[in-house]
Number of protein chains: 2
Amino acid sequence: MDLEGVRTFVAVAEAGQFQAAADDLGISQQAVSKRVATLERTLGVSLLVRSGRGTQPSVDGQAFLPHARELIRVAARAVGSVRPGRRALRVDVLNRRTAPATALHAFHRSHPDVELDVVTLPDAHLDAAVAAVVGGSVDATFRAISVPGGEVPSPVRATRVIDDRHQLLVGPRHPLAGATGLRPADLAGHRIWMPGMQADTEWGAYYDELGRAFGLRIDTMGPSFGVEVLLDELAESAELATFVGEGTRYLWPEAYDLRRIPIVDPTPVYPHSIVWREDNAHPVLAAFLDHLMAHRRPPQGRTWEPAWAR
Amino acid sequence: MDLEGVRTFVAVAEAGQFQAAADDLGISQQAVSKRVATLERTLGVSLLVRSGRGTQPSVDGQAFLPHARELIRVAARAVGSVRPGRRALRVDVLNRRTAPATALHAFHRSHPDVELDVVTLPDAHLDAAVAAVVGGSVDATFRAISVPGGEVPSPVRATRVIDDRHQLLVGPRHPLAGATGLRPADLAGHRIWMPGMQADTEWGAYYDELGRAFGLRIDTMGPSFGVEVLLDELAESAELATFVGEGTRYLWPEAYDLRRIPIVDPTPVYPHSIVWREDNAHPVLAAFLDHLMAHRRPPQGRTWEPAWAR
DNA sequence: GAGCGTCACAACCGCCGGTTGTTCACTAGG
DNA sequence: CCTAGTGAACAACCGGCGGTTGTGACGCTC
């Protein structure tokens, strides 16, 4: 089915005759006739009833017409989604499960009418993300600013907006499964598995420093086969454990019986900052920043974070 | 923008490489490359990041991808809307403002998930509508059965489902504007204007008989310029009046100050029957018929209807 | 550096979709 | 009943789009 044919059908249905539609579309009446005939042939039904004085939609044409209009609307939105300039607010997140994605979801729920595009940059490094913000391919990105002092070069700005408190995720057979709270020191000697968090990534740097600070064995080795595999392994294992943020959205079958155990005294927090270009005039961006600041929950109790985040 | 190009992009994004997408689509890898390149050129952005080992969506590609999928879904629904066999329930109404259309709307609200197509047959005559039901181009039609006894030939069935009580619609300057209720005899001498209701239509036959029964001057002459024009004229005129059904949905600006005045003793009711084919197995049809029967409100008080409807 | 996998480019070609010119069907008017 | 006029379809033609096969460039692996 050809979109031009659909547009032509709509034009004819609205104009009431082929010649007028042809004038609207800037083509000949014969071309309109051909396009409609082709569309009718591909659909296998007659869409228009031709009479001596103009044309009107047939029964099938009436049923098809609203779908045709919807198709054209969706096509226009699709084109608009990538048009430089006025397009949906495009926010980069490292991962669609972490706290920033949850915050985006919450913003979307409180502003149902705004258009959001949640994307993940192919190159996950901070400088590449900042370059993307400067270049305008994304309007904002969530990052842990791993630069001492948290300074970023103008015209880029960054603000801490989410402190994601860490929890330990273990299966029912794990020796710590019954704990209601754990101190980082309690984890010494236990193997904490965070596959895919290689040292050259933002997460890797965080867990590297966290491990060294409390003498933990955080194993970032091995390829990540996806979160489902990880959860499946956790459910079975009496040794494996992993860190998850309070704000992450993991779903697992009831039978897995996994437990989230808060970590306290101090609680490691993952410092999510929002990075944007200060001269970005996108109307939704300001609202989103306001939303983030309004929903910022300062961490309670004693917390820990890497030296480079302070 | 070409739908095939969009489909191809989605296939590549899902497969992760051009060759696999080409196999899925049954075309050559080079054709896939060309299609994607053409789509990228028309959109003006790069959708895919090519690497030595496969391909993944770029930032723009990620933003475009959900719109592309939606586009394909809508296209499939559009094709499905006219495919013989399994399609949305298609109901014919004489007019999208009358009581049957309101009933359809109510059914849609109470069954939000079912797909409905409301259409108006090009040929408004009863026999043509029955032929459409028999032929399957519509699943049901709302008609006033103008056959004495209300019999229709098998396999078609018909049942009275809506008795639309008539009201008089007048502007504020009309001499009857202040009435709270009127008898048909009170309307004698007043001009009642129902443009477009020619005698050879279903409505025309009704108002013809109504006029003769009570000695009313019902003027069906003149072309109908649309309901907006009619309402506009009513608002200004001190002479014009028109009939409307209780179930009709007319909207007019507040300033028009039009009044709906009930007609009683007897109340003319317009007899809407639903006509369907008894061996039509469409699952929604049965639910719709049930809905209509459940919401049937028998007229109260003394009513009038044409001899051919009784 | 050899080999392989992946995608882009080039050359070729059939056919789709546009054009103009003409015919057919229907309506209105005398 | 004939004629004029309107509106859409048909016919012939043609350029370019979108497919094919063949080949080249690039990057990764061993």
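Proteins come first, then strands; the chains are lettered A, B, ... in the order of their sequence lines, and each starts at number 1.
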> Is the phosphate of dA8(C), meaning OP1 or OP2, less than 4.0 Å from a side-chain N or O of Ser33(B)?
Replying inline: yes

For nucleotides 22-28 of chain C, give me every protein contact, N/O to N/O, under 3.5 Å, one pair per line with atom names.
residue : atom : partner  : partner atom : Å
dT27(C) : O3'  : Arg53(A) : NH1          : 2.8
dA28(C) : OP1  : Arg53(A) : NH1          : 2.8
dA28(C) : OP1  : Arg53(A) : NH2          : 3.3

Do any N or O atoms from the side chain of [X] and from the backbone of [Y] form a donor-acceptor pair under 3.5 angstrom?
{"X": "Arg191(A)", "Y": "Arg217(A)", "value": "no"}
{"X": "Arg277(A)", "Y": "Val134(A)", "value": "yes"}
{"X": "Ser58(B)", "Y": "Ser46(B)", "value": "yes"}
{"X": "Arg90(B)", "Y": "Ser81(B)", "value": "yes"}

> Taking DNA chain C as the partner, which of residues 4-18 of chain A come within under 4.0 angstrom of it by heavy atom?
Replying inline: none

> Of Ala20(A) and Ser28(B), whose closest DNA chain D nucleotide lies nearer the 5' terminus?
Replying inline: Ala20(A)

> Which range-with-range stems can be found for DNA chain D when each stem has 3 or more Watson-Crick or G-U pairs in a row and both distances sit under 3.5 Å?
Replying inline: C:1-30 with D:1-30

>> So for atom CD, which belongs to Glu14(B), do other residues, nucleotides or ligands contribute more than 12 heavy atoms lying within a distance under 6.0 Å?
In response: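 Correct, the count exceeds 12.
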
Ring pair (Phe, Tyr, Trp, His ring centres under 6.0 Å) with [X]: which residues, sequence neighbours excluded?
{"X": "Tyr206(B)", "result": "His166(B), Tyr270(B), Trp304(B)"}
{"X": "Phe142(A)", "result": "none"}
{"X": "Phe18(A)", "result": "none"}

> In chain order, what residues pass the salt bridge (charged side-chain N to carboxylate O under 4.0 Å, His left out) check against Glu70(B), with sequence neighbours excluded?
Replying inline: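 Partners of Glu70(B) by the salt bridge (charged side-chain N to carboxylate O under 4.0 Å, His left out) criterion, ordered by chain and then number, come out as Arg73(B).
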
>> Tell me the interatomic distance from Leu47(B), atom CG, to dC7(C), atom P, rounded to whole angstroms.
In response: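 To the nearest whole Å, that distance equals 15 Å.
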
>> Without decimals, in angstroms, what is the distance between Arg41(B) CZ and dA8(C) P?
In response: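 The answer, rounded to whole Å, is 13 Å.
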
Throw together a table of side-chain donor-acceptor distances under 3.5 angstrom for residues 20-33 of chain B, partners on residues two or more places apart or in other chains.
residue  : atom : partner  : partner atom : Å
Asp23(B) : OD1  : Gln19(B) : NE2          : 3.1
Ser28(B) : OG   : Ala31(B) : N            : 3.2

>> Counting primed atoms plus P, OP1 and OP2 as sugar-phosphate and everything else as base, spell out the protein contacts along nucleotides 12-17 of chain C at 4.0 Å heavy-atom distance: B, S or - for each nucleotide, 5' to 3'.
In response: -----B

Nearest 0.5 Å, please: how far is [atom2] in [Y] from [atom1] in [X]?
{"X": "Phe64(A)", "Y": "Arg83(B)", "atom1": "CZ", "atom2": "CZ", "answer": "12.0 Å"}
{"X": "Glu4(B)", "Y": "Arg35(B)", "atom1": "CD", "atom2": "CZ", "answer": "5.0 Å"}
{"X": "Leu89(A)", "Y": "Asn280(A)", "atom1": "CG", "atom2": "CG", "answer": "7.5 Å"}

> Using a heavy-atom cut-off of 4.0 Å to chain A, what are the terminal contacting nucleotides of DNA chain D, in 5' to 3' order?
Replying inline: dG7(D) to dA12(D)

Could you give the side-chain donor-acceptor pairs of residues 36-44 of chain B under 3.5 Å, partners two or more places apart or in another chain?
residue  : atom : partner  : partner atom : Å
Thr38(B) : OG1  : Lys34(B) : O            : 2.8
Glu40(B) : OE1  : Arg50(B) : NH1          : 3.3
Glu40(B) : OE1  : Arg50(B) : NH2          : 3.1
Glu40(B) : OE2  : Leu47(B) : N            : 2.7
Glu40(B) : OE2  : Leu48(B) : N            : 3.3
Glu40(B) : OE2  : Arg50(B) : NH1          : 3.0
Thr42(B) : OG1  : Thr38(B) : O            : 3.4
Thr42(B) : OG1  : Leu39(B) : O            : 2.8

>> Show every salt bridge (charged side-chain N to carboxylate O under 4.0 Å, His left out) that has at least one partner inside residues 133-142 of chain A, sequence neighbours left out.
In response: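 Listed by first then second residue: Arg87(A)-Asp139(A).
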
